[in-house]
Amino acid sequence: MRDKDLERLEFFKVLEKIKEFTSSKATKRFIDGLRPIRDAEHLKKEINVTADFMKIQEDVPIYPFDDVEELIKKASIKDAVLSVDEILSLLKVIKLIREVRKVIGSYVSTYTHLQTIVKNLHLFSNLESLIESSLDLRGFVKDSASEELSTIRQKIRSVEKEVMKRLESLLSRPDASSLFSDKFVAFKNNRYVLPVKTAEAKKIIGIVHGTSSSGFTTYIEPHNVVELNNNLITLRGEEEDEVKRILRRLTSYIGEHAGRLHDAFAALVKVDFLKAVAKFSKLTDGKLINLGERIELKEVKHPLLVFLKEKVIPIDIVLSEKRGLLLTGPNTGGKTVALKTLGLCCLMFQCALPIPASSDSKLPIFENVFTDIGDEQSIQQNLSTFSAHISNIGEFLPLVNDRSLVLLDELGAGTDPMEGSALGIGLLEYLRLKGAYVFATTHHTPIKLYAINSDYYTPASVSFDMQTLDPLYTILYNTVGESMAFEIAKRYGIPYEVLKMAQKKLPEGSKEYMQAKESLENYVREYEEKLKQVESLKIQLEKIKKEQEKLLYELERQKEQGWEKVLKDALEYLDKLMKEGEELLKSAKERQKIREFIKEKRKDIESRLKVEEIRVGDWVELMGSKGRVVEIKGDKASVTFSGIKAWVSLKDLRRTEPPARNEEDSMASFEIKRGLPSEINLTGLSVDEALYKLELFLEEAHKLGARSVKVIHGYGVLKKIVEEFLSSSELVIFHREGYPKEGGAGASVVYLRKD
């Protein structure tokens, strides 16, 4: 899409607003590159990811982090050396990635679209440990980073101790107060020296390293520490070389992980972006809408107006039957805002961003959104306003197709009204032949008449209060709006004589046109009122229908429960008869006869106990959770509880109402816990035996509907083999190292597919 179209629709202003909520310059850079998606599958995927993330975003930890992309690239260059600060910056990012992965990973089994993020949030446990063991968070290399560094620093401390001892002995001389300007050891030119009074400098044998600015003090290195200072310089050179070697080694190790680090950092940036989108969406009351075949924006607001005005009136922008909409009416009525609202919402939708509209709104995907909005006058090109408009339109017309949205503001303006109208109609006809979606505004009557008679364009107008001339900011479809020039002129003091003479100069047929237009508008208003009444009645009928269905269900349930009580009482009565009969009958043969009689009657009663037969497709209840019957075999039924299938005895099930939407969401947490495998211990097994047992274990856990299991493998070669197997298994959605309470790095927690 053309950047100038995105600019006119204020798309970049939306991006700037989202950037205010980010935690890194890298995320701001990512947002700068954001452009509308044109592929349907890609867009659906991004919308699903955003939707799932919105449900958990408050739990995801994000704090400010550095842009380390260039550091990662630098680390992959041979013999490159990152500084301590650069490596610590990267360490902070690695730690944040681990924290974010931990939280999002715990939700993957419920919100499966988050897997696309989690799979790239790699862990770098070894790298993290290596950096922490080598660098102090205060910004220096630790002694423990290498044995050589530890030895060198021990020598440095030993020599420094001896230097300080010798210098402090001089400062303790009886005549010290007369020799030294201060009783402290100074450091000049990388050497330890003493501050000697310049007048007494000749009394201290040594090397002069300068004087103070006042000249009162001369800094002298006494001869008895010269050799020691030389040793220190040599040792510090060795220390610097060893530190550089350690940093080069760390940089090289970082470079080996550059590819995975780049992917993980990109995923972290995506998470930060989604957090920012969630905050922006909360302020704008944005919602993710669905992909559709037509434009159906309901109760939509301009995404930026909510930041400028306390109250923004929502409008409906609908092109359901026709592909073109021609909006008319006076200035300040909101025509241009409506046009920009549609364009901007289309761009945001194709970036998988929530828009301030009703959640049942729909939009198609556009390959391009072309605009001709506002004053296009160009001094540099020496073009008039009209010429600039035509130049812009001429630029994009050859690119228009049936997957284009064209937004034209003030069609036909800027030139002779007759010629402008003819040209405007010609443009609308051309766009009709191209099959494009078109939203245009105009004041010209011939263009309005063209739209009224068109089977491609729907005429519409912005509503006004005819008494106060205040805009109502709603769109009336199948109407034609007036420019209201005479009414506005009268309101602002134009003499009546001027208006009377002007009305006489209106073209022939204008009066008849105005009368016809008024009749049409009255008809539309009447239609709109009746439509509202019908919609209201429809809602009431739906409510009554649901109440009746609920009442009917309750009656059936009470009837069923009544039968159950009667039949259970009958069974209890039979048990009582059995006991009394056995007491009365003494012979075993007679007692056996009565047992068989009671047994036969018990079966009859139990068969009656099943008042309603459970069938495939019924909603049933078990242990407080609802599921749906998908198969019945004998006395057992296969029931799906939120994606988990389980075979359950029919006698344990009870028919129930289908769950409401919010109830279906809560069903996602249902798990059948009894009898499910939870972990397997592979330690002590050979690789072949361990993989064989692991494969069988995962298949069994999957068949039984387990959501997650734990695999104990230890820390050796077996750990690596098991992790490779889990990464390639089709049954595994996602796996991670265990947390300390789960066995730490010696165990893996595995999340299994539902199907």
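- At a threshold of 4.0 Å, the pair K73-E69 counts as salt-bridged, since one of the basic side-chain nitrogens sits closer than that to a carboxylate oxygen.
- Side chain of D67 to main chain of K25: no donor-acceptor pair is present (N/O by atom type, distance under 3.5 Å, no hydrogens or angles).
- Of the charged side-chain nitrogens involved, at least one lies within less than 4.0 Å of a carboxylate oxygen, so that R157 and D143 count as a salt-bridged pair.
- When atom types are taken as modelled, the side chain of S708 and the backbone of L752 share no donor-acceptor pair closer than 3.5 angstrom.
- Ion pairing of K44 with E41 is present here, as a side-chain N (NZ or NE/NH1/NH2) and a carboxylate O approach within less than 4.0 Å.
- Classification of the Y111-Y107 ring pair by plane angle, with boundaries at 30° and 60°, yields tilted.
- For E242 and S146, the side-chain atoms include at least one donor-acceptor pair closer than 3.5 Å.
- With rounding to the nearest 0.5 Å, the separation of CG in L250 from CZ in R245 is 10.0 Å.
- Among residues at least two apart or in separate chains, side-chain hydrogen bond (donor to acceptor under 3.5 Å, both in side chains) pairs with a member in residues 218-228 are R191-E221, T198-T218, H209-E221, E221-N229.
- No more than 12 heavy-atom neighbours from other residues, nucleotides or ligands sit within 6.0 angstrom of CD on E240.
- Just one residue in the list T50, I31, T22 forms a side-chain contact (heavy atoms from CB on, under 4.5 Å) with F273, and that residue is I31.
- Ion pairing between E742 and K710 fails under the 4.0 Å rule for side-chain N and carboxylate O.
- Here the side chain of R35 pairs a donor or acceptor atom with the backbone of D32 at under 3.5 angstrom.
- K155 NZ: 12 or fewer foreign heavy atoms inside a 6.0 Å radius.
- For the residue pair D85/S83, the side-chain donor-acceptor check at 3.5 Å is not satisfied.
- Counting only distance, with no hydrogens or angles, the side chain of T211 and the backbone of T217 share no donor-acceptor pair below 3.5 Å.
- Looking at K92, its side chain does come within 3.5 Å of a backbone N or O of P64 through a donor-acceptor pair.
- Ion pair E132/K142 not flagged as a salt bridge, since none of the NZ, NE, NH1 or NH2 atoms sits closer than 4.0 Å to an Asp/Glu carboxylate oxygen.
- At a threshold of 4.0 Å, the pair K19-E16 counts as salt-bridged, since one of the basic side-chain nitrogens sits closer than that to a carboxylate oxygen.
- Between E7 and R2 no salt bridge is recorded (no basic side-chain N to carboxylate O distance below 4.0 Å).
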Worked verdict on F124 versus R98 for side chain to side chain contact (heavy atoms under 4.5 Å, CB included): CA-CA 8 Å; F124 303 93; R98 173 164 49 78; over 6 Å; no
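- Within the 3.5 Å criterion, the main-chain N or O of F725 finds no donor-acceptor partner in the side chain of S729.
- Between the side chain of Q57 and the backbone N or O of K275 there is no donor-acceptor pair closer than 3.5 Å.
- With respect to L261, the side-chain contact (heavy atoms from CB on, under 4.5 Å) criterion is satisfied by exactly one of I72, V93, I97: I72.
- Remark: D175 engages R173 in a salt bridge (charged side-chain N to carboxylate O under 4.0 Å, His left out) (not counting sequence neighbours).
- Using a cut-off of 4.0 Å between Lys/Arg side-chain N and Asp/Glu carboxylate O, E737 and R101 are scored as not salt-bridged.
- The backbone N or O of R38 lies less than 3.5 Å from no partner atom in the side chain of H42, so there is not a single donor-acceptor pair.
- For the 3.5 Å distance criterion, the side chains of Y192 and E160 qualify, holding a donor opposite an acceptor.
- Using a distance-only test at 3.5 Å, with no hydrogens or angles considered, a donor-acceptor pair links the side chain of T234 to the main chain of N230.
- Taking 4.0 Å as the cut-off between side-chain N and carboxylate O, K183 and E168 do not count as a salt-bridged pair.
- A donor and an acceptor atom, one from each side chain of T683 and H713, are nowhere located under 3.5 Å apart.
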Salt bridge (charged side-chain N to carboxylate O under 4.0 Å, His left out) assessment of K270 paired with E46: CA-CA 11 Å; K270 182 66 176 286; E46 291 299 320; 2.8 Å; yes
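- Look at K244 and D241 and you find no salt bridge, because none of the NZ, NE, NH1 or NH2 atoms lies under 4.0 Å from a carboxylate O.
- Considering only residues two or more places apart in sequence or on other chains, S158 meets the side chain to side chain contact (heavy atoms under 4.5 Å, CB included) condition with none of them.
- Checking side-chain atoms of T27 against main-chain N and O of D272 turns up no donor-acceptor pair under 3.5 Å.
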